[in-house]
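These notes concern the structure reproduced below.
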Amino acid sequence: MKEFVRERVKAVLRELYGEAVNQSVERASFEKPKRKEFGDLATNVAFLLARDLRKSPKQIAEELANKLRSFKEFEKVEVAGGGFINFTFSQELYSQLLREVVETDFFISNIGKGERVLLEYVSANPTGPLHVGHGRGAVVGDVLYRIMKLTGYKPEREFYINDAGRQIKLLGLSIFLKAVEASGGNPKETLKELISSGVIGSDAVDEKEECRDCYKGEYIKELAVKLLSKRRDILSVPPKNAIEICAEFGKEELLKEIESDLKELRVEFDNWFSEKSLYESGKVEKVLEILKGKGFLYEKEGALWLKTTLFGDDKDRVVRRSNGEYTYFASDIAYHYDKIERGYDRGIDIWGADHHGYIQRVKAAIQALGKDPDWLEVVLIQMVKLFKEGKEVKMSKRAGNFVTLRWLMEEVGVDAVRFFFLLKRHDTPLDFDLDLAISTKSENPVYYVQYAHARLCSILDKAEERGFKPSKENLNLLSSEEERELILRSYMLRYELQEAALKREPHRLTYYLIELASALHRFYNKHRVVNEENKELTESRLFLIEGIRRVIEIGLGILNVNAPRRM
RNA sequence: GGGCCCGUAGCUCAGCUGGAUAGAGCAACGGACUUCUAAUCCGUAGGUCGGAGGUUCGAAUCCUCCCGGGCCCGCCA
């Protein structure tokens with residue numbers, strides 16, 4: 001519909017001023033005006049042309065409007081506000097839009113032009129349960145994926161498993177010490193022995209003679225107990241091996257748990273990419289070789305550094321520590337290099353906002369490898385805080401210092417979790433009101449939208465019982481303000497998806513649905529659909545009802561939230 | 001000290017590649033159920049868009065400075 005108006009404007013411009021002005025049309029906005037007196041669609045194209053044509057915006061707008069009035073699709077074309085052109089659509093055009101809403105895939109478009117995009121999200125370390133922050137990133141990624149798919153991109157979803165390096169060793173040690181404790185041993189003594197026998201470094205112990213960076217929380221103990229029941233001999237194998245076994249076991253168990261949590265949240269991936277595989281296939285060494293060949297690596301104090309400062313980073317970064325271990329950064333360079341090699345046109349990483357300092361150095365590395373740093377886009381997800389009865393919920397029994405995603409899902413249900421995570425733009429902190437999320441009152445936006453869907457279904461059912469069925473024969477009867485509003489809004493799904501894809505802002509869709517639901521409820525309270533006296537109007541309205549129902553169903557489907565027929 | 005994000009109604013936030021009289025929900029107040037789901041709707045009230053400059057036909061939106069808040073800045077991930 002916007003395309004339609006744009007084409008008409010272009011044609012008229014060409015006729016009036018020649019080909020040269022076409023680029024202004026591409027930059028011009030075609031938006032639904034804020035105020036209804038301004039019609040159905042407005043454009044600022046005259047303002048943009050004013051300089052080139054050396055005429056006032058108003059004069060240009062008038063000239064355009066005069067020509068545009070001849071199209072029968074426009075009931076009115078008016079100039080206002082110093083140069084805006086306001087279009088009011090004809091009833092016939094409205095009918096056509098509604099038919100498209102009901103009968104076509106009008107919401108699918110191709111602004112992505114087949115661009116291959118790799119979306120990476122969640123990518124939690126398999127060293128603990130998922131927390132609510134992971135959940136927010138997961139939902140943002142999942143919904144963005146579906147939006148991009150419908151707008152002509154070719155997105156794929158990937159989870160990067162950090163299954164190598166220090167944090168996995170720490171996981172092993174954490175479980176091992178709990179296993180010692182659960183078997184009646186003294187973890188402090190064990191730590192000392194491990195250090196004196198050289199299995200772990202002396203820096204692994206803090207002032208209280210406890211493991212410095214070990215994972216805490218009940219789940220470590222659960223894992224230790226579970227492992228003990230499977231392998232009673234774990235404490236009698238050499239400690240170095242035992243810790244490795246613990247690490248491997250813990251990682252496998254936690255990964256299973258992460259997968260099942262995500263499945264519960266209805267979040268899926270096309271590919272699970274293992275960090276470890278980058279080491280095993282030699283890709284980490286290979287990529288460092290390349291960087292070395294370009295002269296971007298140097299040794300200092302026994303460590304290996306990448307000159308990221310050459311590419312705008314604050315300081316150079318270590319890729320291999322003096323003890324020979326690679327840093328997380330090293331495998332991340334290899335990982336992004338691998339993504340690029342796999343042929344994606346663009347990578348979008350969804351990270352927690354606390355990682356923002358990391359963006360610069362990864363982009364620097366990409367540039368050092370001779371690629372465009374803009375290949376990578378990073379979407380930052382701000383913190384989630386939970387509130388119950390006005391107080392912040394901070395800890396979970398099981399995970400220790402954070403609240404698990406699973407707990408949240410059990411508390412408020414998956415529909416509410418998903419919807420609420422998209423209630424704010426992803427880069428603003430989210431205060432999640434648990435009481436609101438389980439409320440079945442109008443104040444709860446999930447219920448508000450779902451209720452609209454149930455209400456629509458109910459109307460369709462009732463009408464069917466009385467022998468009415470949707471008909472597109474007399475759509476011109478749908479001429480009230482509320483009906484025209486609903487038709488226009490329904491069709492706008494197409495543009496909301498485009499906007500959301502372009503800006504990588506899936507929350508726009510939830511706002512759209514709330515507004516559409518609101519328009520529907522307003523209509524419902526003012527007009528009766530089923531009217532025994534007027535079959536034509538009833539059946540036309542049923543057609544409209546079916547259209548709105550379809551749009552809400554599609555919208556909720558993209559959010560992966562249920563659209564119930566009854567509530 | 002440096003970097004990133006944020007500051008919009010009493011509260012929680014939309015709107016930000018500049019566009020017309022700045023929006024929504026909640027809370028407050030007043031109304032609407034013999035009618036397809038009142039889990040709804042209508043109305044009233046509520047604002048120097050943190051502040052000051054600048055850019056221009058036009059600024060909540062872009063630029064500079066300042067104030068306030070959050071996060072990050074290790075041979076951590």
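Below, read A as the first sequence line, B as the second, and so on, with proteins coming before strands; counting in each chain starts at 1. Atom set for the values below is all heavy atoms of this structure, side chains included, hydrogens, waters and symmetry mates excluded.
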May I ask you to verify if any side-chain N or O of Tyr524(A) is less than 4.0 angstrom from the OP1 or OP2 atom of rA38(B)? yes
Donor-acceptor side-chain pairing of Glu275(A) and Ser331(A) below 3.5 angstrom: yes
Heavy-atom donor-acceptor pair, Ser322(A) side-chain to rC75(B) base, under 3.5 Å: yes
Describe the nucleic acid contact of Arg361(A) in one word from base, sugar-phosphate, nothing, applying a heavy-atom distance below 4.0 Å. base
rG7(B) to rA14(B) separation - P atoms, rounded to the nearest Å: 8 Å
May I ask which nucleotide in the shown strands pairs with rG68(B), Watson-Crick or G-U wobble, both distances under 3.5 Å? rC6(B)
I want to check one thing: is the phosphate of rC16(B), taken as OP1 and OP2, less than 4.0 Å away from some side-chain N or O of Arg508(A)? yes
Sugar-phosphate, base or nothing in reach of Phe38(A), heavy atoms under 4.0 Å: base
Does His356(A) make a side-chain donor-acceptor contact with the base of rC71(B), cut-off 3.5 Å? yes
Complementary nucleotide of rG47(B), counting Watson-Crick and G-U pairs under 3.5 Å: none
Quick one: label Asp433(A) by what it contacts on the DNA or RNA (base, sugar-phosphate, nothing), any heavy atom closer than 4.0 Å. nothing
For a quick check of understanding: with a heavy-atom distance under 4.0 Å over all strands, which category does Pro429(A) fall into, base, sugar-phosphate or nothing? sugar-phosphate
Is any N or O donor-acceptor pair between the side chain of Asn86(A) and the base of rA20(B) shorter than 3.5 Å? yes
Among all residues two or more places apart in sequence or in another chain, which pass the disulfide bond (SG atoms under 2.5 Å apart) test with Cys457(A)? none
Find the partner of rA22(B): check Watson-Crick (N1-N3 plus N6-O4 or O6-N4) and G-U wobble (N1-O2, O6-N3) distances, both under 3.5 Å, and reply none if neither fits. none
May I ask you to say what Arg317(A) touches in the nucleic acid, namely base, sugar-phosphate or nothing, with a heavy-atom cut-off under 4.0 Å? nothing
Where does the angle between the aromatic ring planes of Phe311(A) and Phe296(A) fall among parallel (under 30°), tilted (30 to 60°) and perpendicular (over 60°)? perpendicular
Choosing from rG15(B), rC5(B), rC75(B), which nucleotide comes nearest the side chain of Gln382(A)? rC5(B)
Checking all strands, does Ala463(A) fall into the base, sugar-phosphate, or nothing category for heavy-atom contacts under 4.0 angstrom? nothing
For His426(A) and rC6(B), is the shortest distance between a side-chain N/O and OP1 or OP2 below 4.0 Å? no
When the P atoms of rG43(B) and rA24(B) are considered, how many whole Å apart are they? 10 Å
Is a donor from one side chain sitting under 3.5 angstrom from an acceptor on the other, for Gln167(A) and Thr127(A)? no
Using a cut-off of less than 4.0 Å, is there contact between a side-chain N or O of Arg321(A) and OP1 or OP2 of rC76(B)? yes
Considering only side-chain heavy atoms of Asn44(A), which listed nucleotide, rA14(B), rU21(B), rG19(B), is closest? rG19(B)
Please confirm whether the shortest side-chain N or O distance from Arg522(A) to OP1 or OP2 of rU40(B) is below 4.0 Å. no
Rounded to whole angstroms, how far apart are CG on Leu434(A) and P on rC26(B)? 19 Å
State whether the aromatic ring of Tyr448(A) stacks on the base of rA39(B), taking stacking to mean ring centres under 5.5 Å apart and ring planes under 30° to each other. no
Which heavy atom in Leu478(A) sits nearest to a heavy atom in Ser540(A), and how many Å separate them? CD1-O, 3.7 Å
Please work out whether rC16(B) sits syn or anti, treating a glycosidic angle within 90° of 0 as syn. anti
Would you tell me if any nitrogen or oxygen in the side chain of Lys315(A) comes within less than 4.0 Å of OP1 or OP2 on rG2(B)? no
Pair partner, rU40(B) [Watson-Crick or wobble, under 3.5 Å]: rA32(B)
Strictly below 4.0 Å, N to O, side chains only: are Lys58(A) and Glu62(A) in salt-bridge contact? no
Base, sugar-phosphate, or nothing: which does Glu301(A) touch, judged by heavy atoms less than 4.0 Å apart? base
Tell me the partner of rU61(B), counting only Watson-Crick (N1-N3 plus N6-O4 or O6-N4) or G-U wobble (N1-O2 and O6-N3) with both under 3.5 Å; none if nothing fits. none
Return no unless some side-chain N or O of Arg425(A) is found under 4.0 Å from OP1 or OP2 of rC6(B). yes
Both Lys462(A) and Leu380(A) contact RNA chain B. Which one's nearest nucleotide lies toward the 5' end? Leu380(A)
If I pick the P atom on rU44(B) and the same atom on rC4(B), what distance separates them, to the nearest angstrom? 45 Å
For His355(A) and Trp351(A), take the angle between the two ring planes, folded into 0 to 90°, and tell me which bin it lands in: parallel under 30, tilted 30 to 60, perpendicular over 60. tilted
Name the nucleic acid region contacted by His507(A), choosing base, sugar-phosphate or nothing; use a 4.0 angstrom heavy-atom cut-off, strictly under. sugar-phosphate
Check for me: is Phe84(A) stacked on rG19(B) by the 5.5 Å centroid and 30° plane-angle rule? no
Mapping Asn531(A) and Phe329(A) to their closest nucleotides on RNA chain B, which lands nearer the 5' end? Asn531(A)
Can you tell me if Thr327(A) touches the phosphate of rG74(B), counting only side-chain N or O atoms and a distance under 4.0 Å to OP1 or OP2? no
